[in-house]
Protein chains: 2
Amino acid sequence: MSKHGGADERALPQLADLVGCCSPLAREPLSAEQSTELARVFKAMGDPVRLRLLSLIASHAGGEACVCDLTDVFDLSGPTISHHLKVLREAGLITGERRGTWVYYRIQPGVLEALAAVLVPAVPQAVPTDLESATIPEGRRELPVVEA
Amino acid sequence: MSKHGGADERALPQLADLVGCCSPLAREPLSAEQSTELARVFKAMGDPVRLRLLSLIASHAGGEACVCDLTDVFDLSGPTISHHLKVLREAGLITGERRGTWVYYRIQPGVLEALAAVLVPAVPQAVPTDLESATIPEGRRELPVVEA
DNA sequence: TGTCAAGGTAGAAGAATGTCGAAACACGGT
DNA sequence: ACCGTGTTTCGACATTCTTCTACCTTGACA
């Protein structure tokens, strides 16, 4: 059985399904489920090596990179690189394909756009960090308690 | 010395300075320093509780939320929430301000937009979560080119 | 000034993570 | 069929992370 395209991707969160087509972080509180799945993706990106791997793959000519190219960039052992690639794969950020001797990785199409869409509202012409009610007095407001 | 606004934020990466005003992940490989600093931010978001905290703060009325409100949402102890808020603070994602008895947190202005700008060339006006991301605004032409 | 509540710090226990070397697996070539 | 190279899996170990309880700091108010 092939390692890639097999059991790994079956847990793919499919970001778009999870957060809706364009549900920004700031519009309404994330549910426990949503935050768990989203955090899985961000955690995968929360390592310098993995982030750099992601960038190397994304910026590589043809949109894909061979593991052999990636390994040379770091001062890390082969198994370690392989481990990080697996984490990225299971987070749904990249996909791997074996062609002959080498394995090529590429960014999962649309996933970066989906992530960006989670972070900012769809129309980012101006940063709405200070709303019209930016001056709030001492009183505390109620939070839409989202059920633990 | 005040805890907030003091030693914590002095290590603030100031995302924009680090990755340039709009240096997407896919345009050129991240340097070791860039990936280290960026990973610090993503790692902070790589926890379900912290991601939910971020969302609760961002979506709260007035753009800020009191710690007392945040604590109620989770089934976690106060110190644990405080710890997660500190991580978010040191990552440059939120800022805290004490007003009277309560401490209010808000999203660091522009940080989410900067992150989104790292992920995609230019924050798209409409989110192309479906594969038909045909109208890519500017830059990044390599990715779609796939020669099998 | 004393007391109370909100929030932070300190230290510790248990789980998760990053890294390695050794071994296994998958190909291509001889 | 065998060997060599590229890649992944397997155990193992040190480090980091999440969470807790106990205690401390800050500010409001009588």
Side-chain angles (χ1 to χ4, degrees), chain A residues 1-9 32 35-36 39-40 42-53 57 64-91 94-105 137-140 143 148, chain B residues 1-9 32 35-36 39-40 42-53 57 64-91 94-105:
Chain A
M1 180 187 297
S2 169
K3 270 78 170 193
H4 311 103
D8 282 336
E9 280 78 346
S35 55
T36 298
R40 197 193 312 277
F42 282 126
K43 185 180 339 187
M45 294 197 293
D47 181 277
V49 174
R50 286 197 292 267
L51 206 51
R52 210 156 163 220
L53 282 171
I57 295 170
E64 65 181 10
C66 167
V67 177
C68 50
D69 295 328
L70 301 173
T71 306
D72 297 340
V73 177
F74 301 90
D75 197 19
L76 294 171
S77 69
T80 297
I81 299 297
S82 191
H83 160 72
H84 285 304
L85 288 171
K86 182 180 183 180
V87 172
L88 290 172
R89 224 166 52 219
E90 291 178 339
I94 61 175
T95 57
E97 179 198 2
R98 170 159 234 140
R99 286 204 300 276
T101 304
W102 296 283
V103 175
Y104 293 88
Y105 280 97
E138 296 276 320
R140 25 176 300 206
L143 212 50
Chain B
M1 183 183 297
S2 169
K3 269 77 170 196
H4 311 102
D8 283 336
E9 281 78 346
S35 54
T36 298
R40 198 192 311 277
F42 282 126
K43 191 194 301 196
M45 294 196 295
D47 180 276
V49 175
R50 286 197 293 267
L51 204 52
R52 210 155 163 220
L53 282 171
I57 295 170
E64 65 180 8
C66 169
V67 176
C68 50
D69 292 329
L70 300 173
T71 306
D72 296 340
V73 177
F74 301 90
D75 197 18
L76 294 171
S77 68
T80 297
I81 299 297
S82 192
H83 160 72
H84 285 304
L85 288 171
K86 182 180 184 179
V87 173
L88 291 172
R89 223 165 53 220
E90 290 178 340
I94 60 175
T95 58
E97 179 198 3
R98 169 161 233 144
R99 286 206 299 276
T101 303
W102 296 287
V103 176
Y104 294 88
Y105 280 97

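Because the structure is predicted, anything quoted here is derived from the model rather than measured. The basis for the numbers below is simple: all heavy atoms, side chains too, and nothing from hydrogens, waters or symmetry mates. Each chain gets a letter, A, B and so on, in the order its sequence line appears, and its residues count up from 1.
Atom CG in B:L85 sits about 16 Å away from atom P in C:dA6, given to the nearest Å. Taking atom CZ of A:R40 as the reference point, atom C1' of C:dA16 lies 14 Å away to the nearest angstrom. Following rounding to the nearest Å, A:L70 (CG) and D:dG6 (P) show an atom-to-atom distance of 14 Å. The separation between A:W102 atom CH2 and C:dC25 atom C1' is 17 Å, rounded to whole Å. The NZ-P distance, from A:K86 to C:dT19, rounds to 16 Å in whole Å. Protein atom CD1 of B:I81 is 11 Å distant from nucleotide atom P of C:dG7, rounded to whole Å. Between A:F74 atom CZ and C:dC20 atom P there is a gap of 12 Å when expressed in whole angstrom units. To the nearest angstrom, C1' of C:dT17 lies 20 Å from CZ of A:F42.
With contacts defined as side-chain heavy-atom distances shorter than 4.5 Å, the pair A:V87/A:D47 does not qualify.
Stacking of A:R99 on the aromatic ring of A:Y104 is recorded, both the 6.0 Å distance cut-off and the 45° axial limit being met.
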Quiz item: Along nucleotides 18-24 of chain D, 5' to 3', which nucleotides get a B, which get an S, and which get a -, given that the test is a protein heavy-atom distance under 4.0 Å?
Solution: SBBBB--
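Scored by the side-chain contact (heavy atoms from CB on, under 4.5 Å) test, B:T36 finds A:P48, B:R40 as partners (sequence neighbours excluded).
Annotation: the span from A:I94 atom CD1 to A:L88 atom CG amounts to 4.5 Å, rounded to 0.5 Å.
Applying the 6.0 Å contact sphere to CG of A:D75 captures no more than 12 heavy atoms from other residues, nucleotides or ligands.
Side chain of B:S82 to main chain of B:G78: no donor-acceptor pair is present (N/O by atom type, distance under 3.5 Å, no hydrogens or angles).
For B:Y104, no side-chain nitrogen or oxygen approaches OP1 or OP2 of C:dA6 to under 4.0 Å.
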